[in-house]
Amino acid sequence: MKLLYFAWLKTRTGRAEEDVSPPDGIATVGALIDWLKTRGPGYAAAFAEMRAVRAAVNQEYVGLDHPIRSGDEVAFFPPMTGG
Amino acid sequence: MKLLYFAWLKTRTGRAEEDVSPPDGIATVGALIDWLKTRGPGYAAAFAEMRAVRAAVNQEYVGLDHPIRSGDEVAFFPPMTGG
Amino acid sequence: MIRVQREDFDPGAELTALTAENKAVGGVVSFVGLVRDMAAGQPIRAMTLEHYPGMTEKKLAEIEAEARTRWPLETSLIVHRYGRLEPGERIVLVIVASSHRQAAFEACAFLVDWLKAQAPFWKEEETASGTHWVDAKSEDDAAAARWRKPPHEAAE
Amino acid sequence: MIRVQREDFDPGAELTALTAENKAVGGVVSFVGLVRDMAAGQPIRAMTLEHYPGMTEKKLAEIEAEARTRWPLETSLIVHRYGRLEPGERIVLVIVASSHRQAAFEACAFLVDWLKAQAPFWKEEETASGTHWVDAKSEDDAAAARWRKPPHEAAE
């Protein structure tokens, strides 16, 4: 599973992208976030304010209950501030 | 008094502009039009459909009751169809 | 700024010149009106725009001043051509720059609607059957009326 | 058409190219967004726009397609830059051409509001006190929400 981080989520996790293999049972975006937060203080900081975190799976905006599977591209970012 | 005609009022009167000295007592735009209509069939045709005639005195849109005086620039034209 | 001219204009050059050196501008909205090859379902060969020299400039300047009292604009430009124009040719350019995009959009739409209803231009079209003067469209008056202030505001 | 690019664009050249040879176009409305030298009352030195390559193009294409279902457009173009930009530089260009000016105005405003709320771009500003990521503005969401169809229409 490919993960992407943008804006201050990238700064806090310390990476723009990574490949991960979450354990069995991690079936939604929300569960993936809970698992990521256990991986270190940078991840915990990135996902501390969930009000300001948005996600996309395979380049579509989704909610925390959206299912994920291996092979997905999952991205995390703050609300857009374009243009 | 300088008169200007635009669009089909110019075509019907046969002139773009002219200098006129209306008789005493012609004190409004409406009275001026009534007097002009006596000057020939082209003028009568130009002012036959008053619903479609607009006027300006000294480059300001006015109604038929607007006063006129010698030295004024009076223009007649149909509703605008610009741009 | 306003200009009434026979010759064509360059929208990109006008836009660049208008906003150069003004770094308070966040959004620039522009409108370019072009001659269409169809009018009222009929193919047209060309149109000729007649205008009232002097009064045209005066009305355009009034319209622009009105827009600047209604919206917080950094700068604005109206360029309107007259004379004979063929399909595809540019007729009018309106550019409005503001620090806020919403003000720029509204002011630009206002200027275009208002100048169509208020600026002394008359259009003659050339079709296969000859030339004729175009009648005013009630939809243009309706578009301009959208922007009329309600009486209680106008009285303030 | 949509383009996402690092380099600058030429609004006038885009506008001319977009409408060349299409004589059904009566009105072209364009928006150019520029970097301002002030943000939230603070002078800014520059901003950097980060984007999500791939998804950005996809969202812009979706937004453009949505506009074309809502309004009768002849053609449209969105060009959006990313990377570091200084005050006065162009950020985004939206051009919409229609036979009817009202459609062009509405569609252009829709596209700008919608892309600010929906396109995956994030802005980092450089000020005297350092760089910081800009928070989303609730007014941008409100502007985009103006265009949301009411439930009974969406269900049709």
Closest heavy-atom pair and its distance - C/V25, D/R36: O-CG, 3.5 Å

Do you know the tightest heavy-atom contact between D/G26 and C/F31?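 Looks like O-CZ, 4.5 Å.
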
Is it the backbone or the side chain of [X] that comes under 4.5 Å from a heavy atom of chain C, or both, or neither?
{"X": "D/S99", "value": "both"}
{"X": "D/A143", "value": "side chain"}
{"X": "D/Q102", "value": "side chain"}
{"X": "D/N22", "value": "neither"}
{"X": "D/V35", "value": "backbone"}

Just give me the residue among C/A13, C/P87, C/G12 that pairs up with chain D most often, heavy atom to heavy atom, under 4.5 Å. C/P87

I need the residue from C/C108, C/S30, C/G88 with the largest number of non-hydrogen atom pairs under 4.5 Å to chain D. C/S30

Value rounded to 0.5 Å, distance of [atom1] in [X] from [atom2] in [Y]:
{"X": "D/E74", "Y": "C/L34", "atom1": "CD", "atom2": "CG", "result": "11.0 Å"}
{"X": "D/I44", "Y": "C/K23", "atom1": "CD1", "atom2": "NZ", "result": "11.5 Å"}
{"X": "D/D10", "Y": "C/T16", "atom1": "CG", "atom2": "OG1", "result": "6.5 Å"}

Hey, are the side chains of C/V32 and D/R101 touching, using non-hydrogen atoms and a 4.5 Å cut-off? no

Kindly check if the number of other-residue, nucleotide or ligand heavy atoms within 6.0 Å of CD (C/E21) is above 12?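 Open: at most 12 neighbouring heavy atoms sit under 6.0 Å from CD of C/E21.
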
Options D/V112, D/D37, D/I95, ranked by heavy-atom pairs under 4.5 Å with chain C, top entry: D/D37

